[in-house]
Amino acid sequence: MNVGVLALQGAFIEHERILRRLGQQVTQVRLPEHLDTVDRLIIPGGESTTIGKLLVAYKLLEPIRERAQREMPIWGTCAGMILLAKQITEGRPAGQPALALMDIVARRNAFGRQLDSFEADLAVEGVAGEPFRAVFIRAPLIDAAGPTVEPLATLDDGRIVAARQGRLLATAFHPELTDDARLHELFLDL
Ligand code: GLN
């Protein structure tokens, strides 16, 4: 399998490191031709407004949408999740580009500012064994999800922080910043 990691901005190196540890071939996706060679794609955390602008500048927005329509699995973490969401409730500058593929409503910076970053142990559907240590950095939330979206993890108060819709996976936290590769394995199994 050749796993693409969108490498325009944000925490792409960390995803690449875990994927290589799992024995995967990895391609950093910066141009449309890189996309042609990959079987699936990770959109990393970072700054969703910046990544959105760069997706347009590097002519990747439409090609990624097209591949998604042809069933390529995509996983968005944090900012990547915001870019996957069909709707963004807060802090979306007018005309802000997004992939808008997944039937979820994402709320940006749902927990406040950088200082309000935190970690939590989560039970994740499809991830066996002990809870997953989730790192939230200026993280978004899933405020609402359509009928075909399966919530995979919630905080203690019930708010959704991971979900799946067919071959689309979204996590509000950063699984690439821990040593735990179980969510990467889940994505590789989609
Ligand atoms: N707050 C960032 C955004 O809105 C996301 C933060 C992250 O990816 N860790 O894009």
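Read the numbers this way: they start at 1 and go in the same order the structure lists the ligands and their atoms.
Close N/O approach between Thr49 and ligand 1 is not found [any backbone or side-chain N/O within under 3.5 Å]. At a 3.5 angstrom cut-off on N or O pairs, Gly46 counts as close to ligand 1. Not a single N or O atom of Gly45, backbone or side chain, sits closer than 3.5 Å to an N or O atom of ligand 1. The distance criterion of under 3.5 Å between nitrogen or oxygen atoms is met by Ala79 with respect to ligand 1.
The closest protein non-hydrogen atom to atom 9 (N) of ligand 1 is His174 NE2, 2.7 Å. Nearest protein neighbour of atom 1 (N) of ligand 1, counting heavy atoms only, is Asn109 OD1, 2.6 Å. Among all protein heavy atoms, the one lying closest to atom 4 (O) of ligand 1 is Arg108 NE, 2.7 Å. Nearest non-hydrogen protein atom to atom 7 (C) of ligand 1 is Cys78 SG, 2.8 Å.
Glu47 and Gln9 are not linked by any side-chain donor-acceptor pair at a separation below 3.5 angstrom, with hydrogens and angles left out of the test. A donor-acceptor contact closer than 3.5 angstrom links the side chains of Thr148 and Gln165.
When all heavy atoms of Lys86 and Ala100 are compared, the pair lying nearest together is CG-O, 3.7 Å.
When heavy-atom distances to ligand 1 are checked against a 4.0 Å cut-off, Arg138 comes that close through both its backbone and its side chain.
The aromatic rings of His184 and Trp75 stand perpendicular to each other, their planes meeting at an angle above 60°, with 30° marking the opposite boundary.
Cation-pi geometry between Arg40 and Phe187 is met: the NZ or CZ atom falls under 6.0 Å from the ring centre, inside 45° of the normal.
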